[in-house]
S.K.: 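Sending over a structure as structure tokens; questions will come in a sec.
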Amino acid sequence: MKTPVLRVALAVPLPKFFDYLPPRGPAACRPGQRVLVPFGRGTRIGVVVECLDRSEIPVENLKRVAGVLDPEPLLDAAHLDFLRWSAAYYHHPAGEVVCAALPARLRKEKKPLAFRERLWHLCADPEQACAQTRRAPRQRRVVELLSSSPQRALPREALNALGGDVGGALRALAGKGLIEQTEPRPVSPARLDGVAVPELHEEQRAAVEAVAGALGRFAPFLLEGVTGSGKTEVYLRLARRVLARGDSVMVLVPEISLTPQLQRRFAERFGAQVALLHSALGAGERERAWQRVRLGEARVVLGTRSCVLYPVDRLGLVIVDEEHDTSFKQQEGFRYSARDLAVIRAQRAGCPVLLGSATPSLETLHNARGGRYHWLRLRQRAGGAKAPSIELLDIRDQPLRSGLSQPLLRELERTLARGEQGMVFINRRGYAPVLACYSCGWVSDCPRCDARQTVHRRAGLLWCHHCGSQRRIPRHCPECGSAELNPLGQGTEQLEQRLSEQFPGVPLIRVDRDATARKGSLDRLLARVRAAEAALLVGTQMLAKGHHFPRVTLVGVVDADGGLFSADFRAPERLAQLLVQVAGRAGRGERPGRVLIQTRYPEHPLMQVLVREGYDAFAGMALAERREAAYPPFTHQALLRAEAGDAEAPLALLRDLVEALGETGPVSLWGPVPAPMARRVGRYRAHLLLQSERRAELHRVLDRLGDLLPGLPGVRRVRWSLDVDPVDSY
Ligand code: ADP
Ligand code: ZN
Ligand code: ZN
């Protein structure tokens with residue numbers, strides 16, 4: 001007998017959907033609608049994925065949907081299909097993946113918010129408004145931003161890009177009658193022509209035309225261009241072309257590069273058409289932005305990783321900026337790559353996808369070299385800025401002070417004397433990575449990890465960067481009582497101290513996660529740098545991304561060598577990307593920049609090729625090495641991680657699994673082995689790596705693995721996770 005049944009996705013870690021009887025009464029229910037269903041002892045919110053006319057489960061065992069929450073589907077059939085495909089590819093529970101397409105609030109709250117966001121509208125004449133805000137800089141900037149945007153109106157989230165107390169400024173301006181709140185109106189593309197835009201240079205024009213020529217069908221592009229070559233300008237132009245067709249554009253950026261500068265550029269061009277989606281938004285703001293994108297009220301979506309899972313009305317172009325950035329890979333739970341899913345998404349939407357970077361990932365370059373991606377290049381910097389020169393600084397015979405060599409200090413001094421800015425880069429925060437006793441050999445081991453606690457001198461703490469464990473810096477050695485405790489190595493804090501001693505009176509700013517923990521403090525620090533003349537910046541990779549420092553003309557890289565000899569086969573790629581990105585921070589104004597890389601291995605082939613011939617030559621060499629060693633992108637990998645409170649259980653489980661899998665044909669199994677950091681947060685960890693030249697074969701084995709693993713006797717004591725296309729082997 002036929003009985004209508006609803007198949008529902010729930011955010012639970014089980015690899016299946018759940019069948020329910022439709023609600024009583026006439027309420028029709030379609031895929032993509034949210035429903036409230038009984039589950040376990042309570043109720044949950046789920047998403048209908050299919051309406052069937054029978055279930056494998058006997059009708060008498062089926063429970064009934066308790067309520068339908070949305071009058072219309074939130075996700076359409078094609079999008080549900082994309083989500084199910086993604087779940088299958090990453091071998092992750094499909095219910096969790098489907099629910100990840102909703103903003104967090106709609107996963108918990110039954111009732112959606114009224115999403116119509118009101119706009120702040122400049123109702124006075126811009127000149128008059130400027131005159132009336134002469135003594136209030138923030139109000140003045142609000143007025144400027146509003147007057148430069150289409151229709152002189154912006155949503156609050158776009159104005160937040162100004163930083164600081166925007167709410168106060170808005171209240172004051174409204175009090176003066178200069179601005180008022182209005183309902184949003186769709187922006188007609190023609191109106192956007194009023195915004196001042198630079199004339200495109202030849203390569204930019206070619207890139208825009210190539211992608212614009214592919215609108216309406218799937219086509220993947222790589223846009224390779226050094227920092228400052230005008231990639232963002234290309235995105236902005238393309239977005240305008242997409243809007244003119246009545247379609248939407250999705251721009252994915254790494255969290256850290258979603259800077260106020262970038263937000264402002266989009267807000268200026270597209271005003272209320274822009275929706276921002278990033279992790280700093282409150283739940284309500286996020287839900288509203290999500291709805292505007294879904295319904296096409298905002299047709300320019302600027303967001304981070306998770307955005308790729310969200311529904312977009314009439315998706316016409318997908319852009320992934322800084323596509324090489326590893327933050328596009330989610331490292332826990334649903335371990336997807338937003339970059340890779342962006343390509344699949346575009347393919348299914350039948351639209352082009354543009355991957356942009358100054359330092360493309362080897363995976364993407366491999367696709368471009370093989371002709372699978374169209375390869376667009378911007379070789380020059382826009383606006384005539386010169387490319388920086390990169391030099392190696394041999395420090396083998398150099399005495400170092402806090403890691404800094406004399407030649408580097410001398411060059412910094414000259415730079416400052418010219419009224420320019422210098423930047424010193426080290427990829428480690430804190431004062432020093434280890435505290436050690438010279439008498440007995442004690443070191444600051446973390447009690448819970450196979451790692452050292454870092455010295456944070458200003459906070460007076462030893463602090464593990466892996467698990468967060470802390471203790472006060474001891475005065476005496478905990479082992480032998482000696483008072484001779486020494487920090488080994490350097491971090492940002494130490495460089496900051498050293499440089500402030502060396503250059504007293506020079507403004508010095510440290511940029512790392514400790515210095516910028518409070519919301520908005522990074523923007524304040526950066527504003528200080530931009531306002532200053534001679535100044536020094538010290539920082540971690542936070543400095544290498546997204547920001548423009550026009551006055552920086554010298555960049556010193558203190559600790560490049562670690563990446564040359566790492567056990568991780570991706571380390572050289574990461575190092576090269578970092579060095580080129582750091583170099584991109586120098587000399588963006590009129591004056592050319594210089595980059596000095598301190599190294600003990602100036603003859604290392606990687607360093608040589610990178611410095612003499614540039615990133616592409618390096619990438620060619622690195623790809624040849626990968627091919628030789630049968631590493632990705634020439635093979636495909638999946639990493640099975642297992643962890644437990646004792647050391648033996650994870651290894652035993654993985655051994656049992658290998659035995660149960662038996663013959664795996666063209667799929668090689670490496671391990672099980674203890675993870676590179678075998679103990680972390682007090683738990684023991686083991687790995688099994690699966691690798692094959694043939695992706696389909698690998699996925700067949702992963703399917704079998706997913707079936708076998710939950711049935712193995714040791715599985716209850718072990719937490720495990722599968723990582724398809726892993727980007728690190730942690
Ligand atoms: P990227 O994204 O590659 O780092 P941007 O698009 O941010 O480059 O451009 C760098 C700077 O050059 C920006 O200040 C931008 O406004 C400017 N710019 C971009 N294209 C042009 C152009 N064609 N003419 C003049 N200036 C440009
Ligand atoms: Zn000691
Ligand atoms: Zn730890």
Side-chain angles (χ1 to χ4, degrees), residues 195-208 223-239 251 253-254 257-259 261-266 268-269 319-323 354 356-360 376-387 433 435-454 461-471 474-486 530 544-550 580-581 583-590 677-683 685 730:
V195 180
V197 293
E199 184 91 8
L200 292 185
H201 60 71
E202 198 42 51
E203 291 174 325
Q204 282 175 315
R205 201 186 327 262
V208 168
L223 178 62
E224 182 177 5
V226 295
T227 321
S229 61
K231 294 186 294 297
T232 309
E233 190 58 44
V234 170
Y235 306 155
L236 291 164
R237 290 306 169 91
L238 282 168
V251 184
V253 298
S257 63
L258 193 49
T259 58
Q261 292 168 66
L262 183 68
Q263 297 179 23
R264 206 149 37 214
R265 281 172 82 180
F266 275 85
E268 274 170 12
R269 301 283 173 96
I319 295 171
V320 184
D321 189 32
E322 311 287 358
E323 66 86 30
L354 179 61
S357 177
T359 52
L376 308 169
R377 316 192 61 161
L378 306 179
R379 288 163 212 269
Q380 284 150 15
R381 289 186 153 192
K386 296 220 172 52
L435 188 67
C437 170
Y438 281 0
S439 310
C440 76
W442 172 88
V443 290
S444 54
D445 283 322
C446 172
R448 295 194 290 178
C449 306
D450 289 339
R452 316 273 188 246
Q453 287 178 321
T454 301
L461 292 173
L462 294 179
W463 185 356
C464 173
H465 290 179
H466 302 281
C467 72
S469 75
Q470 291 182 343
R471 56 182 144 156
R475 291 246 175 87
H476 300 279
C477 171
E479 287 290 322
C480 72
S482 158
E484 280 274 320
L485 290 176
N486 294 279
R530 268 185 227 106
K545 296 183 185 179
H547 302 284
H548 295 206
F549 302 107
V580 175
Q581 296 282 346
R585 302 300 126 203
R588 303 189 93 193
E590 295 88 67
M677 187 182 296
R679 197 169 55 107
R680 190 157 186 251
V681 201
R683 295 173 67 84
R685 308 152 74 233
Y730 232 69

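Note that these values count all heavy atoms, side chains included, but never hydrogens, waters or copies made by symmetry. Start at 1 and go down the list; that is how both ligands and their atoms are numbered.
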S.K.: So does Glu268 pair up with Arg264, basic N to acidic O under 4.0 Å?
M.R.: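 Result for this pair is no, no salt bridge flagged.
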
S.K.: Within less than 2.8 Å of the Zn ion (ligand 2), how many protein N/O/S atoms are there?
M.R.: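 Number of qualifying protein atoms: 4.
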
S.K.: Can you spot which of Arg679, Arg471, Arg452 makes a salt bridge (Lys or Arg N to Asp or Glu O under 4.0 Å) with Asp445?
M.R.: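 So, applying the salt bridge (Lys or Arg N to Asp or Glu O under 4.0 Å) to Asp445 and each of Arg679, Arg471, Arg452, only Arg452 qualifies.
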
S.K.: Which bit of Val226 gets closer than 4.0 Å to ligand 1, counting heavy atoms only: side chain, backbone, both or neither?
M.R.: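 Backbone only.
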
S.K.: Out of all atoms in ligand 1, which are within 4.0 Å of some heavy atom of Glu233? Include the element for each.
M.R.: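 Contacts of ligand 1 toward Glu233, numbered from 1: 6 (O), 19 (C), 20 (N).
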
S.K.: Using the test side-chain contact (heavy atoms from CB on, under 4.5 Å), find all partners of Thr454 that sit at least two apart in sequence or belong to another chain.
M.R.: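 Checked Thr454 against side-chain contact (heavy atoms from CB on, under 4.5 Å); matches are His456, His465.
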
S.K.: Is the closest basic N to carboxylate O distance between Lys231 and Glu322 below 4.0 Å?
M.R.: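 No, Lys231 and Glu322 are not salt-bridged.
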
S.K.: Checking Val681 now: which residues fulfil side-chain contact (heavy atoms from CB on, under 4.5 Å) with it, not counting sequence neighbours?
M.R.: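 side-chain contact (heavy atoms from CB on, under 4.5 Å) check on Val681 returns Arg448, Cys467.
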
S.K.: Is any side-chain heavy atom of Leu462 closer than 4.5 Å to a side-chain heavy atom of Pro474?
M.R.: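 A side-chain contact under 4.5 Å exists here.
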
S.K.: Under 2.8 Å from the Zn ion (ligand 3), protein N/O/S atom count?
M.R.: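 Atoms of protein N, O or S type lying less than 2.8 Å from the Zn ion (ligand 3) total 4.
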
S.K.: One residue to check: Glu199. Relative to ligand 1, which of side chain, backbone, both or neither has a non-hydrogen atom less than 4.0 Å away?
M.R.: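 Under 4.0 Å from ligand 1, Glu199 contributes backbone atoms alone.
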
S.K.: For Lys231, take its heavy atoms, then give the atoms of ligand 1 lying under 4.0 Å from any of them.
M.R.: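 Answer, ordered by atom number: 1 (P), 2 (O), 3 (O), 6 (O), 8 (O).
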
S.K.: Report the part of Leu200 (side chain from C-beta onward, or backbone N, CA, C, O) that has a heavy atom under 4.0 Å from ligand 1; answer both or neither where that applies.
M.R.: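 Just the backbone.
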
S.K.: Using a 4.0 Å heavy-atom threshold (strictly under), name the region of Pro198 that reaches ligand 1: side chain, backbone, both or neither.
M.R.: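 The answer is the side chain of Pro198.
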
S.K.: Tell me, please: is Gly225 in heavy-atom contact with ligand 1, that is, under 4.0 Å?
M.R.: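 Heavy atoms of Gly225 never come under 4.0 Å of ligand 1.
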
S.K.: Looking only at non-hydrogen atoms, find the nearest pair between Leu238 and Val208 and report the distance.
M.R.: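 Of all heavy-atom pairs spanning Leu238 and Val208, the closest is CD2-O, 3.5 Å.
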
S.K.: Indicate yes or no: at least one non-hydrogen side-chain atom of Glu203 is less than 4.5 angstrom from one of Arg377.
M.R.: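 No, their side chains stay 4.5 Å or more apart.
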
